[in-house]
S.K.: 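Questions regarding the structure given below will be posed in turn.
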Amino acid sequence: MTTAKALTIAGSDSGGGAGIQADLKTFQELKVYGMSVITAITAQNTLGVDGVYPMMLEAIEKQLECIAVDLQPDALKTGMLFNSEIIELVANKMEQYKWKNLVVDPVMIAKGGANLLQQEATESMKRKLLPLATVLTPNIPEAEELTGISIRNMEERKEAAKRLSAMGVNYVIIKGGHGDEKEAVDLLFDGSHFSSLVAERIPTKNTHGTGCTFSAAITAALANGYSINDAFQLGKDFIHQAIKNDLHIGSGHGPTNHWAYQESKR
Ligand SMILES: Nc1ncnc2c1ncn2[C@@H]1O[C@H](COP(=O)(O)OP(=O)(O)OP(=O)(O)O)[C@@H](O)[C@H]1O
Ligand SMILES: Cc1ncc(CO)c(N)n1
């Protein structure tokens with residue numbers, strides 16, 4: 001029986017709630033062997049980000065090469081990429097290695113407001129990385145930044161999804177955490193049709209790393225051979241349990257509970 005392998009190419013969150021830490025915890029909970037390429041180090045806790053230190057390009061390239069020669073991923077995701085040079089390096093290596101099932105989580109701003117992607121890097125992400133993405137998982141502000149349109153209602157979310165699809169993304173998921181509806185609604189566009197998953201919006205400030213965890217769960221599902229619709233459902237169920245059963249850690253935006261999903265299945 002082969003073990004599915006998933007790779008996260010993302011930043012380190014010293015507080016453990018987002019970034020590669022959230023990704024690896026999620027992979028493990030979904031019984032997928034997790035691997036990581038660190039793009040940046042952040043000094044971070046539940047109150048915010050106190051320092052951002054991008055890795056040297058050589059260090060990122062060497063990490064990717066080590067994975068490529070020995071540990072081919074069945075699926076992978078990108079999180080914090082920080083600048084154009086890192087985006088272009090990752091995109092070029094993706095094309096060289098012909099890795100499939102790429103989930104791009106276009107991380108731009110941390111919950112506390114810190115910039116995790118330099119403004120000039122948005123164009124590189126659109127031009128170099130999005131055409132390689134199987135799934136793109138922007139939150140509403142990220143979708144606005146990538147498309148240049150304001151998103152205040154569901155029709156505008158659909159328009160943004162169409163524009164992102166036209167940039168070469170196979171499946172676009174616009175996450176609803178930043179929305180103002182009573183429920184948390186996530187919208188999936190497959191290039192032709194829309195579908196959505198709806199769950200109770202949980203009244204909590206402890207939503208640090210929800211997007212990382214959601215995209216990591218989708219990545220793990222794809223690594224295990226799930227269809228996009230089943231991966232979308234698994235990601236939604238996983239993050240909903242993680243938020244609903246939060247751990248009350250830290251005095252700011254606390255992390256989610258990465259083992260809640262498995263506990264809910266018992
Ligand atoms: N309060 C909430 N209650 C229920 N579901 C939520 C809540 N907040 C976010 N979600 C869900 O969490 C997932 C992530 O969406 P969100 O918009 O929070 O991502 P994000 O802003 O990229 O997160 P982060 O930047 O913290 O990683 C989505 O499935 C969304 O519906
Ligand atoms: C390292 C890292 N990646 C992503 C996010 C988004 O929450 C974060 N806060 N920190």
Side-chain angles (χ1 to χ4, degrees), residues 1-8 10 12-36 44-46 71 73-77 79 101 103 105 107 111 134-135 137 139 171 173 175-179 181-188 195-266:
M1 197 270 265
T2 56
T3 301
K5 302 191 294 293
L7 171 66
T8 173
S12 169
D13 167 8
S14 53
I20 61 147
Q21 287 83 356
D23 297 342
L24 292 173
K25 291 173 186 177
T26 303
F27 294 161
Q28 185 75 13
E29 286 294 323
L30 294 172
K31 298 182 171 42
V32 168
Y33 181 77
M35 309 173 291
S36 60
Q44 198 173 164
N45 56 29
T46 67
L71 295 161
D74 299 294
L76 69 159
K77 66 159 280 187
N101 292 323
V103 178
D105 180 14
V107 171
K111 276 273 160 32
T134 303
V135 188
T137 63
N139 61 30
Y171 298 94
I173 296 175
K175 299 173 289 188
H178 293 244
E181 310 98 324
K182 194 167 61 68
E183 293 164 322
V185 182
D186 300 328
L187 179 70
L188 168 65
S195 59
S196 61
L197 292 177
V198 182
E200 167 209 1
R201 183 180 297 280
I202 296 155
T204 175
K205 65 180 171 58
N206 298 325
T207 56
H208 179 84
T210 49
C212 304
T213 300
F214 177 67
S215 60
I218 291 170
T219 306
L222 294 176
N224 267 325
Y226 281 44
S227 69
I228 184 63
N229 286 315
D230 290 344
F232 182 29
Q233 184 66 65
L234 177 62
K236 183 66 169 176
D237 295 344
F238 192 96
I239 193 57
H240 193 75
Q241 292 299 327
I243 296 169
K244 191 175 172 185
N245 301 279
D246 69 349
L247 302 168
H248 303 285
I249 288 177
S251 45
H253 290 287
T256 64
N257 177 345
H258 291 88
W259 60 80
Y261 174 77
Q262 289 299 359
E263 286 202 326
S264 74
K265 312 296 276 180
R266 289 198 185 109

S.K.: Has the side chain of T46 got a donor or acceptor atom that lies under 3.5 Å from a matching backbone atom of S251?
M.R.: yes

S.K.: Supply the atom-to-atom distance E263 CD to E29 CD, rounded to the nearest 0.5 angstrom.
M.R.: 8.5 Å

S.K.: Is there a donor-acceptor pair under 3.5 Å between the side chain of D13 and the backbone N or O of A18?
M.R.: yes

S.K.: Write down the atom of A217, the atom of L234, and the distance for their closest heavy-atom approach.
M.R.: O-CD2, 4.2 Å

S.K.: Only counting residues at least two apart or in another chain, list the ones meeting side-chain hydrogen bond (donor to acceptor under 3.5 Å, both in side chains) with K5.
M.R.: none

S.K.: Side chains of S215 and K175 only: does a donor on one sit below 3.5 Å from an acceptor on the other?
M.R.: no

S.K.: Any donor and acceptor pair, going by atom type alone, linking the side chain of R201 with main-chain N or O of G177 inside 3.5 Å?
M.R.: yes

S.K.: Contact between V32 and T26 at the side-chain level, heavy atoms closer than 4.5 Å - yes or no?
M.R.: no

S.K.: If the condition is salt bridge (charged side-chain N to carboxylate O under 4.0 Å, His left out), which residues does K236 pass it with, not counting sequence neighbours?
M.R.: D186

S.K.: Quick one, D246 and N257 - any side-chain contact, counting heavy atoms below 4.5 Å?
M.R.: no

S.K.: Can you tell if the side chain of L76 reaches within under 4.5 Å of the side chain of V103, non-hydrogen atoms only?
M.R.: no

S.K.: Verify side-chain contact (heavy atoms from CB on, under 4.5 Å) between K111 and T207, making sure each step is shown before the conclusion.
M.R.: CA-CA 8 Å; K111 276 273 160 32; T207 56; 3.6 Å; yes

S.K.: Would you give the length of the straight line joining atom OG1 of T134 to atom CD1 of I218, rounded to the nearest 0.5 angstrom?
M.R.: 11.5 Å

S.K.: Write out all pairs satisfying salt bridge (charged side-chain N to carboxylate O under 4.0 Å, His left out) with one or both partners inside residues 15-26, taking only residues at least two apart or from two chains.
M.R.: D23-K77

S.K.: Scan for salt bridge (charged side-chain N to carboxylate O under 4.0 Å, His left out) pairs involving residues 206-226, sequence neighbours excluded, and state none if there are none.
M.R.: none

S.K.: Nearest 0.5 angstrom please: S195 OG to F232 CZ, how far?
M.R.: 5.5 Å

S.K.: Judged by atom type as modelled, is there a donor-acceptor pair below 3.5 Å linking the side chain of N206 to the main-chain atoms of G254?
M.R.: yes

S.K.: Could you pull out all residues at least two apart from S36 that satisfy side chain to side chain contact (heavy atoms under 4.5 Å, CB included)?
M.R.: T8, I20, L24

S.K.: Mind checking side-chain hydrogen bond (donor to acceptor under 3.5 Å, both in side chains) for S12 and listing every partner two or more places apart, or none if nothing turns up?
M.R.: Q21

S.K.: So which pairs with a foot in residues 235-266 pass ring-ring contact (aromatic ring centres under 6.0 Å, His included), sequence neighbours left out?
M.R.: F238-Y261

S.K.: By side-chain hydrogen bond (donor to acceptor under 3.5 Å, both in side chains), which residues pair with S14, not counting sequence neighbours?
M.R.: none

S.K.: Which heavy atom in F27 sits nearest to a heavy atom in A220, and how many Å separate them?
M.R.: CD2-CB, 4.1 Å

S.K.: Which residue pairs satisfy the salt bridge (charged side-chain N to carboxylate O under 4.0 Å, His left out) criterion with at least one member in residues 202-231, sequence neighbours excluded?
M.R.: none

S.K.: Is the closest side-chain heavy-atom distance between N101 and T219 below 4.5 Å?
M.R.: no

S.K.: Yes or no on side-chain contact (heavy atoms from CB on, under 4.5 Å) for I243 and T210, after CA distance, side-chain angles and deciding distance?
M.R.: CA-CA 8 Å; I243 296 169; T210 49; 3.6 Å; yes

S.K.: Side chains of L187 and I173: does their closest heavy-atom pair fall under 4.5 Å?
M.R.: no

S.K.: What residues, two or more places apart in sequence or in another chain, satisfy ring-ring contact (aromatic ring centres under 6.0 Å, His included) together with Y226?
M.R.: none

S.K.: Taking only residues two or more places apart in sequence, or in another chain, which ones meet E183 in a salt bridge (charged side-chain N to carboxylate O under 4.0 Å, His left out)?
M.R.: none

S.K.: Mind running side-chain contact (heavy atoms from CB on, under 4.5 Å) on K31 and Q262 for me, showing each step along the way?
M.R.: CA-CA 10 Å; K31 298 182 171 42; Q262 289 299 359; 4.3 Å; yes

S.K.: How close do A22 and G17 get, heavy atom to heavy atom, and via which atoms?
M.R.: CB-O, 3.3 Å

S.K.: side-chain contact (heavy atoms from CB on, under 4.5 Å) for Q44 and H208? Distances and angles first, verdict last.
M.R.: CA-CA 11 Å; Q44 198 173 164; H208 179 84; 3.1 Å; yes

S.K.: With a 3.5 Å cut-off and no angle check, do the side chains of Q233 and D237 form a donor-acceptor pair?
M.R.: yes

S.K.: Minimum heavy-atom separation for L222 to A231, with atom names?
M.R.: CD2-CB, 4.0 Å

S.K.: Could you pull out the closest heavy-atom pair between L7 and P73, with the gap in Å?
M.R.: CB-CB, 3.9 Å

S.K.: Under the side-chain hydrogen bond (donor to acceptor under 3.5 Å, both in side chains) rule, collect the residues that match up with N229, sequence neighbours excluded.
M.R.: none

